[in-house]
Every structure is written in structure tokens, then in C-alpha cells.
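Input: a single structure, listed below in C-alpha cells.
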Amino acid sequence: MKIFSASGKILVLIIILGLVALMGYAIFGNRVNIKASPLIGKQAPDFTLRTFDGQELNLSDLKGKTVLLNFWASWCMPCRQEAGALESSWQRYKDKDVVFVGVNVWDENSNAQRYMSQFGGGYPHGLDPNEEIQIDYGVGGVPETFFIDSSGNVRDKFTGPLTEQIIDYFVLKAQKPQENES
Amino acid sequence: MNNYSIKISYLLSTFFIVLILTGLQSISLADEGKSIDDQTKEISYLLMCPVCQGQSVGESNSNLAHDMRDIIRKQLEQGKSKEEILTYFVSSYGESILASPPPKGINWLLWLLPGVGIILGGVVITLFLFKAQREDKNEDSQEINTQPKMDNEYLNRIEEELKDNDS
């Protein structure tokens with residue numbers, strides 16, 4: 001029994017392929033245009049961090065400076081990998097109105113303290129006790145680093161271990177005036 | 001009504017029931033009267049866990065999903081609505097955090113294409129059944145026409161052979 005003629009079959013096949021292609025485009029096609037973080041170009045969510053040395057650090061107090069906000073955990077191997085680059089970059093930038101802040105997430109306090117003494121460097125680190133800061137910033141894993149400009153806007157987000165070159169690139173970019181992104 | 005007509009009406013009614021059920025599935029229930037626990041659960045199933053493969057925040061046991069559920073609960077306790085909470089997560093993680101893409105822009109395709117597929121499928125099935133019914137009818141009428149012809153041929157042959165035997 002023939003339901004469609006040969007040309008009818010080709011037409012049905014084209015329609016099916018067209019529908020599959022449209023579906024594929026709808027699912028995957030627009031992903032390319034999605035920015036690394038919806039926060040980029042927007043005001044960085046404010047937070048108060050209780051640092052490991054007992055101080056309170058408010059992001060809003062750092063306005064006027066470029067901020068490198070790094071999320072890490074003691075069990076995270078790439079965090080150990082980037083620790084050296086963070087420390088040496090901080091040494092170079094600490095007197096140039098660039099502030100480094102480490103936020104410890106999903107961790108035990110004792111493990112975080114041990115990690116700090118080994119890899120912490122000289123810049124302030126604190127615990128995100130209610131894991132609210134990381135969700136405000138849309139953190140999905142560690143390490144993730146946000147670069148915030150002197151006006152308090154998130155300029156970039158980097159996922160994965162940093163190197164000195166990557167830090168230089170994003171810090172210098174954050175120090176430049178923001179271009180209007182449409 | 002013959003067998004094929006029954007089959008066709010059966011299939012068409014099944015097709016429309018599936019359409020109606022698909023439509024009903026997308027209608028969400030009102031939040032009023034639900035406990036914080038129920039609302040937390042409902043919202044957590046509307047968000048995808050950013051560190052899991054294909055799991056919602058409600059399904060995942062990851063630390064992040066756990067934290068996200070805590071934040072949903074906290075925001076509900078603060079009196080925030082479901083929409084406000086979803087907007088908060090979208091502002092942090094982007095639209096990809098939503099389990100169902102919002103029906104706007106290219107996302108409309110995701111909402112419309114399954115329906116178009118179902119309708120096209122229904123049309124193809126209906127065409128198939130109508131064609132099958134028509135061909136079956138043709139075959140039946142051909143059988144009715146050929147049967148007496150065949151019988152006549154046999155009868156003629158028998159008669160001829162009997163005549164031959166007699167002579």
C-alpha cells in the first residue's frame with residue numbers, strides 16, 4: 001500500500017528534517033550568544049565577608065578600586081594550581097588600587113584554614129557561611145573568578161584555574177573605562 | 001460503520017485526548033494555600049542544578065542544589081513570590097537555569113514544535129487510514145467482480161469435459 005508518492009515522501013522527509021533542525025537551533029543555537037555570566041556589565045551584588053582573621057569586609061567599601069573576587073575550596077585541585085599565580089599577581093598589584101578577595105565555599109572551616117596557611121597568600125579570604133554570596137554571583141563550581149571595576153560593575157568572569165597572564169588581561173581590562181555593551 | 005471508520009474515530013479521539021492532556025500539563029496550580037515546604041519543592045523543580053547533568057534543583061543532592069533550596073525557602077519566608085525568586089536565580093545564573101525556557105524569541109519554537117509534530121503526526125495517521133480504507137474497498141469490489149467470472153470459467157470447462165466424455 002502506498003500512502004505517499006515519491007515526491008510526497010521527499011516532502012515529508014524535508015518537513016521532518018526542517019522540524020528537527022529548528023528544534024536543534026532552538027535548543028543549542030542561541031547558546032553561543034549567552035554571556036559567561038548575566039552579571040557582566042551590571043552592578044556586582046554587595047556582600048559582607050567575615051574574613052579568616054576575624055575582620056569584616058564589605059564589597060561596597062572597595063568602590064574606587066578594581067576587585068578580583070576568587071571563589072575557592074580546599075578540596076579543589078585547580079584552586080591549588082592557580083594559588084601561586086594569584087599570590088604573585090597580588091604582590092604586583094597590591095599597591096595599584098587592585099584588591100584581591102578570596103571566598104571559601106562548600107568547605108570545612110579546619111580544611112579551609114589549613115589550605116590558607118599553605119596556599120592563601122597575603123590577601124583577605126573569608127568563608128561564605130550561608131553560601132549566599134556564591135549564589136548571588138551564580139557560581140556553579142570552583143575556581144571561579146569575577147573581575148569588578150572601580151565603579152562596582154562586574155566586568156568579567158573566568159571559570160577555571162588562573163594564570164598570571166589571564167589575571168593581567170582581565171585586571172587591565174577592568175581598569176579601562178567600560179564600553180557600552182548593547 | 002465499518003471497522004476502519006471505528007479505527008479512525010478511535011485514533012482521532014486518542015489524538016485529541018493527548019492534545020488536551022498536553023495542554024493541561026502546562027497549566028500550573030495556584031500557589032495560594034501551599035505550605036513553605038511545598039512551595040520550596042515546587043520552585044526547586046523549576047530550576048536546573050547548574051552543576052548536575054539534566055537534574056533539577058529539587059532532584060539533585062549536590063551541595064549547590066542544597067544551598068539553592070535553602071535560599072528558596074529563605075526568600076519564601078521573607079515573603080517573596082515565586083516569580084521574584086525565579087528572577088533572582090535568572091539574574092545570577094542566566095535563563096539556562098530555568099527548567100522550562102521562557103516562551104519568548106527563539107524559545108517559542110521549543111513550545112510550538114512538539115504541537116506541530118503531534119498535529120502533523122495526526123494528519124499522516126489519518127491519511128494512512130483513509131488510504132488503507134479506500135484500497136481495501138477497491139480490493140473487495142475487485143474480488144466480487146472476479147469471483148463469478150472464475151466460477152463461469154470452471155463451469156464451462158466442466159461442461160466441455162463432460163460433453164467430451166459423453167461423446
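This is a predicted model, so every value here is computed, not measured. Letters go in sequence order (proteins before strands), and every chain restarts at 1.
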What do you reckon, is [atom1] of [X] surrounded by more than 12 foreign heavy atoms closer than 6.0 Å?
X: B/Tyr45; atom1: OH; answer: yes
X: A/Arg92; atom1: CZ; answer: yes
X: B/Gln53; atom1: CD; answer: no
X: A/Glu108; atom1: CD; answer: no

Reported OG-to-CD1 distance for the pair B/Ser92 and A/Ile135, which is rounded to 0.5 angstrom: 8.0 Å

Give, as side chain, backbone, both or neither, the part of B/Asn63 having an atom under 4.5 angstrom from any heavy atom of chain A.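 Its backbone and side chain both get close to chain A.
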
Less than 4.5 Å to any heavy atom of chain A: does that hold for the side chain of B/Val116, its backbone, both, or neither?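 For B/Val116, the side chain is the part near chain A, not the backbone.
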
Quick one: which of B/Pro50, B/Gly117, B/Ser91, B/Pro114 has the most heavy-atom pairs under 4.5 Å with chain A, could you say?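 Top count of heavy-atom pairs under 4.5 Å with chain A: B/Ser91.
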
Only pairs at least two apart or in different chains count here, so list each salt bridge (charged side-chain N to carboxylate O under 4.0 Å, His left out) that has a residue in residues 132-145 of chain A.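 Qualifying pairs, neighbours excluded: A/Glu132-B/Lys74, A/Glu144-A/Lys157.
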
Portion of A/Ile15 that has a non-hydrogen atom of chain B nearer than 4.5 angstrom: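 For A/Ile15, side-chain heavy atoms alone lie under 4.5 Å from chain B.
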
Taking C-beta and beyond as the side chain, do A/Gln134 and B/Leu64 meet within less than 4.5 Å on heavy atoms? yes

Is it true that a side-chain atom of B/Tyr93 and a backbone atom of A/Val139 form a donor plus acceptor pair closer than 3.5 Å? yes

Side chains of residues 95-105 of chain A: which donor-acceptor partners sit under 3.5 Å, not counting sequence neighbours?
| residue | atom | partner | partner atom | Å |
| --- | --- | --- | --- | --- |
| A/Asn104 | ND2 | A/Trp72 | O | 3.4 |
| A/Asn104 | ND2 | A/Asp107 | OD2 | 2.9 |

